[in-house]
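Since the structure is predicted, the reported quantities are computational estimates derived from the model, not experimental observations.
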Amino acid sequence: MKIRTKALATATAAGISVTLGLLGGSAHAADPSRAPGGNFDLGVWELQEPVGSPGSPTTISSSRLQGDNGFQDSYFYTDTRDGAMTFWAPEKGVTTPNSNYARSELREMNRNGSAADWSLSGSHKLSATLRVVSVTKNVCVGQIHLGSGGSSTKPLIELYYHSNGDIVAGTENSPSGGQTTHTVGHVSIGKTWQYTIAVSGGHTIDLTVNGSTTHYAIPSSFNQYKQYFKAGSYNQSSSSSTTNGARVAFYGLTVSHG
């Protein structure tokens, strides 16, 4: 079941929101000369890239991501024009054993370097300001993924951007699979927008896209599982092409728990 409410504000031009999620909460735009870890707080993330050995993508630790001279390459880098933290996932790339799609994507971690794995109780929020630079079909730009508690490797919710501009939420029906999709917004390719994926009260997902909030009940079959956030470019199409894919630029990315 979903209930839609309207907030007072909507996302506007990129320049209004580029300070969201910047390191230290500073009131200036991202510095195009710094690595992503010099502009964004990456101490609670690790990076998975679409390279490595089959079934085992390369992972970059939080410690390597942090700082002005932190890790960056052709799949994860600072856009030298506007300082955006940019993720590139081609249609051909190394994938995880449970997916046919390549990704350049951050996985939530704890400050001590252990993997984030939080219970549904309490409040949890992932907020982002971003734009999809290019996409072949569609790309997942944020999600809550199941952690420990069982054998499922499914997400609780995924947020997709489609090539026609539609923003679509996919809510998992149960840990064994099956996803229900909900169109929650529309933004032209290349335009900046905002989302927040949150959990409240242990039983509700609160999804806000450009000021419009939709609520989704969490099925009780997920109660045994803990969770973690993911964000970036998780391409949803595959082929033999290394030039087609999904490129996503983030101007803000923050996580909070309470």
Sequence neighbours left out, cut at 3.5 Å: what donor-acceptor pairs do the side chains of residues 44-55 make with other protein atoms?
unit_1: Gln48; atom_1: OE1; unit_2: Arg103; atom_2: NE; d: 3.1

Sequence neighbours excluded and cut-off under 3.5 Å, please list the side-chain donor-acceptor pairs for residues 198-205, or say none.
unit_1: Ser200; atom_1: OG; unit_2: Asp206; atom_2: OD2; d: 2.7
unit_1: His203; atom_1: NE2; unit_2: Gly201; atom_2: O; d: 3.4

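When side chains are defined from C-beta on, His182 counts as touching Thr171, because their heavy atoms get closer than 4.5 Å. Between Asn110 and Asp117, every side-chain heavy-atom pair lies at or beyond the 4.5 Å cut-off. Considering only heavy atoms from C-beta on, Pro32 stays 4.5 Å or farther from Arg81 through its side chain. Side-chain contact between Thr181 and Thr183 is absent, with no heavy atoms from C-beta onward closer than 4.5 Å. Contact check for Leu159 versus Ile167: side-chain heavy atoms found under the 4.5 Å cut-off. Side chains of Val133 and Val248 form no contact here, defined as non-hydrogen atoms less than 4.5 Å apart. Within the 4.5 Å cutoff, side-chain heavy atoms of Asp82 are placed close to those of Arg131. Counting heavy atoms from C-beta on, the side chains of Leu156 and Phe222 come closer than 4.5 Å.
A search for side chain to side chain contact (heavy atoms under 4.5 Å, CB included) contacts involving Asn244 returns Glu91, Thr136, Ser241, not counting sequence neighbours. Not a single side-chain hydrogen bond (donor to acceptor under 3.5 Å, both in side chains) links Ser163 to another residue, sequence neighbours left out. Every ring pair (Phe, Tyr, Trp, His ring centres under 6.0 Å) that His145 has, sequence neighbours left out, goes to Tyr228.
Classified by interplanar angle (parallel below 30°, tilted 30° to 60°, perpendicular above 60°), the ring pair Tyr195/Trp193 is tilted.
Leu126 is not connected to Tyr160 by any chain of hydrophobic side-chain contacts under 4.5 Å among Ile, Leu, Val, Met, Phe, Trp and Tyr, and they are in different clusters. No chain of hydrophobic side-chain contacts below 4.5 Å, direct or via other Ile, Leu, Val, Met, Phe, Trp or Tyr residues, connects Leu130 to Trp88.
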Practice task
Could you give me the CA-CA distance, side-chain angles and deciding distance for Tyr161 and Asn138, then say whether side-chain contact (heavy atoms from CB on, under 4.5 Å) is met?
Solution key: CA-CA 5 Å; Tyr161 179 90; Asn138 67 89; over 6 Å; no
Exercise for the section: Report the C-alpha distance between Tyr77 and Met85 in whole Å, list the side-chain angles of each, state the deciding distance to 0.1 Å, and finish with yes or no for side-chain contact (heavy atoms from CB on, under 4.5 Å). Expected result: CA-CA 6 Å; Tyr77 60 93; Met85 176 169 59; over 6 Å; no
Handout entry: Worked verdict on Val209 versus Gln194 for side-chain contact (heavy atoms from CB on, under 4.5 Å)
Key = CA-CA 6 Å; Val209 174; Gln194 296 173 317; over 6 Å; no
Problem - Candidate pair Tyr225 and Trp118, rule ring-ring contact (aromatic ring centres under 6.0 Å, His included), full reasoning - result: CA-CA 9 Å; Tyr225 283 91; Trp118 38 266; over 10 Å; no
Exercise for the section: Check the pair Tyr251 / Thr192 against side-chain contact (heavy atoms from CB on, under 4.5 Å), numbers first and verdict last. Expected result: CA-CA 9 Å; Tyr251 298 92; Thr192 303; 4.2 Å; yes
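The environment of CG in Asn69 is sparse: at most 12 heavy-atom neighbours from other residues, nucleotides or ligands sit within 6.0 Å.
Thr214 contributes atom OG1, which lies 6.0 Å from atom CG of Leu207 (distance to the nearest 0.5 angstrom). If you take OG on Ser174 and CD on Gln179, they are separated by 11.5 Å, rounding to the nearest 0.5 Å. A distance of 13.5 Å separates CG of Leu146 from NZ of Lys226, quoted to the nearest 0.5 Å. Glu108 CD to Ile144 CD1: the interatomic distance, rounded to the nearest 0.5 Å, is 9.5 Å. If you take CG on Leu42 and CG on Leu253, they are separated by 8.0 Å, rounding to the nearest 0.5 Å.
Remark: aromatic rings of Tyr75 and Phe87 are distant, center separation not under 6.0 Å.
If you chain together ILVMFWY residues whose side-chain heavy atoms come under 4.5 Å of each other, Tyr101 ends up grouped with Tyr234.
Shown are Lys230, Glu172, Glu105; of these, the side-chain hydrogen bond (donor to acceptor under 3.5 Å, both in side chains) with Gln143 is made only by Glu105.
Remark: side-chain polar atoms of Ser152 are paired, donor with acceptor, to backbone N or O of Pro175 under 3.5 angstrom. Counting only distance, with no hydrogens or angles, the side chain of Asn39 and the backbone of Ala30 share no donor-acceptor pair below 3.5 Å. Under the 3.5 Å distance criterion, the side-chain polar atoms of Arg34 are left unmatched by any main-chain donor or acceptor of Phe40. A donor-acceptor contact shorter than 3.5 Å is absent between the side chain of Asp166 and the backbone of Val168.
Counted by atom type alone, Thr208 and Thr196 present zero donor-acceptor pairs between their side chains at under 3.5 Å. Side-chain N/O atoms of Asn112 and Ser114 include a donor and acceptor closer than 3.5 Å. The closest side-chain donor-acceptor pair between His257 and Ser123, if any, does not fall under 3.5 angstrom.
Taking the charged nitrogens against the carboxylate oxygens, Arg247 and Asp79 have no contact shorter than 4.0 Å, which rules out a salt bridge.
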